[in-house]
J.: 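Here it is, the structure in full.
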2 protein chains.
Amino acid sequence: MATFKTRAQHVADDLRERILSGEFKGGSQLRQDALARDYDVSRIPVREALLTLESEGLVEFHAHRGAFTTELSVAAVRELFDLRVLIETHALRYAIPNLTASDLDQAEAILDQYDAALDSGSQIGNWGDYNFAFHHALYAPSGLPETLAIIGQLNTKAGRYIRMQLLYTRKIEKAEREHRELLKLARQGDVAKACQLLETHIKEAAGSVVAVLENSLNSA
Amino acid sequence: MATFKTRAQHVADDLRERILSGEFKGGSQLRQDALARDYDVSRIPVREALLTLESEGLVEFHAHRGAFTTELSVAAVRELFDLRVLIETHALRYAIPNLTASDLDQAEAILDQYDAALDSGSQIGNWGDYNFAFHHALYAPSGLPETLAIIGQLNTKAGRYIRMQLLYTRKIEKAEREHRELLKLARQGDVAKACQLLETHIKEAAGSVVAVLENSLNSA
DNA sequence: ATTTTGCATATTGTATACAGCACACAATTG
DNA sequence: CAATTGTGTGCTGTATACAATATGCAAAAT
């Protein structure tokens, strides 16, 4: 496959990472010229990258005024996480009957890998990526590509909030335990319980993000 | 607000219409140069338009090979319409308690407007737009912008299939009756029945699209 | 003092020009 | 003859250059 990556895609990938990491506050203007210098490219691939990020909901364009990072809001968190519950349980329901041993092992491997990284004292860094990789591994066997795409979208949009949570709370261990439990239920093929757990898993995450966010917005 | 429209946006809007209308078969290559001449602009806004359409799922980019319209598939129809049921009933559930008299009147006005256009013997043309406008009017009071955005996405993706259905079947009258009925249930505030009807409404549409599509793919 | 009008400037949006990759077909080698 | 490697062409991807718009500030008018 060797899928070639254009400069625009490189810029998009890196810039997405920077936005999710919180380098830019909500509502910051992203000047095309500055970014172009940053990445040592012309403004054209930068514009294309910004368009991509716009479609992902991380950035908004205003004609002749440029691109701004989208604002964070409590309402958006609530909505995004509600949608995650709705759609991810849907995907999980379809996926569980199709899960092969290899699928389950792969999902477990992701958890182990992350545990190892965590024990070695390294920084959380891209926990969000591990988190999504695990969830994705569970849903993928559903054989529903459009659904997976939307789940991916929701997770990139929610990514900024998830990072916030991890930065300001210490819920990772709890999430990890729930992941293990979720995997166990999936292994047993218990659709109802697995979906139930997934629902509370996501809703609790939403709760702590809202707490963090309300705090940070009040103090601002 | 007077939102300025860039050339890229104009091209995107028109091209989307052309793709949805079926002017391009699935998998057709969209040559940037030709489109640029078509719209009398340079290739840059064309590229940006194509990127927008890619994010909407109507087009796919392959590096250095260009943009192609996405392929149609029965599996995609099933999935997209299932998602519509899941998410649109969710939105409707939240919207109904918030519906004001003015909201309901507005929705009804859309139906009347369409009936008038239909009686005057004009072509179906943009029935898809009316259809979406009506659904959107019902969901908007849910106050869930992210959810509405996803519903919009699903509808543009499904748009190609919906047009197909209308072109090859005579189900519009039936759909219109169901719309009236849906509006009535919404007025009564009967969430359960309204969601039930919406579900069968969408599922039946899916069924007839699948029938059309299987036919057309077999004969190809 | 407050509002309004005009200009200056910075930044975006687009056209034009060029570089680079992919595919097809010819040439070459075993 | 088959497989493989060169080479040319057409298109995409990107840089550079230019046009057009929004914003801020200063000057003028009420």
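Labels below follow one simple rule: chain letters A, B, ... track the order of the sequence lines, proteins then strands, and each chain is numbered from 1.
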J.: Taking atom C1' of C:dG13 as reference, at what distance in whole Å does atom CG of A:L30 sit?
T.: 17 Å
J.: Are A:E204 and A:K171 ion-paired here, with the side-chain N under 4.0 Å from a carboxylate O?
T.: no
J.: Give a yes/no answer on whether the side chain of A:S42 brings an N or O atom under 4.0 Å of OP1 or OP2 in D:dT14.
T.: no
J.: Would one find a side-chain N or O of A:Q32 under 4.0 angstrom from OP1 or OP2 of C:dG13?
T.: yes
J.: Rounded off to whole Å, could you give me the CG-to-C1' distance for the A:D40 and D:dT16 pair?
T.: 14 Å
J.: Figure out the CZ/C1' separation between A:R37 and D:dA15, and round it to whole Å.
T.: 15 Å
J.: So what does B:R47 hit on the nucleic acid, given a heavy-atom distance under 4.0 Å: a base, only sugar-phosphate, or nothing?
T.: base
J.: Just the rounded figure in Å: distance from P of D:dT12 to CD of A:E48.
T.: 13 Å
J.: Please state how far atom CG in A:L51 lies from atom P in C:dT12, giving the value in whole angstrom units.
T.: 13 Å
J.: Could you check how far CZ of B:F4 sits from C1' of D:dA19, rounded to whole Å?
T.: 12 Å
J.: Let me know the distance between NE2 of A:H64 and C1' of D:dC18, rounded to the nearest Å.
T.: 13 Å
J.: For B:R31, report the nucleic acid contact type (base, sugar-phosphate, nothing); a contact means any heavy atom under 4.0 Å.
T.: sugar-phosphate
J.: Toward the 5' end of DNA chain D, which comes first, B:R7 or A:A8, by nearest nucleotide?
T.: A:A8
J.: Quick one: list whatever passes salt bridge (Lys or Arg N to Asp or Glu O under 4.0 Å) with B:D115, sequence neighbours left out.
T.: B:R180
J.: A:K5 has an atom NZ; how far is it from atom C1' of D:dG13, in whole Å?
T.: 16 Å
J.: Under 4.0 Å between a side-chain N/O of B:R65 and OP1 or OP2 of C:dC23, yes or no?
T.: yes
J.: Run the side chain to side chain contact (heavy atoms under 4.5 Å, CB included) test on A:L148 and B:E79 for me, step by step, so that the C-alpha distance in whole Å, both residues' side-chain angles and the decisive distance to 0.1 Å come before the verdict.
T.: CA-CA 11 Å; A:L148 290 177; B:E79 212 190 326; over 6 Å; no
J.: Suppose we screen for side chain to side chain contact (heavy atoms under 4.5 Å, CB included). Which residues come up paired with B:N98, at least two apart in sequence or across chains?
T.: B:P141
J.: If you check the B:Q29 side chain, which of D:dT12, C:dG13, D:dT14 turns out closest?
T.: D:dT12
J.: Does OP1 or OP2 of C:dA17 have a side-chain N or O of B:R43 closer than 4.0 Å?
T.: no
J.: Does a donor on one side chain and an acceptor on the other come within less than 3.5 Å for B:Q165 and B:S208?
T.: yes
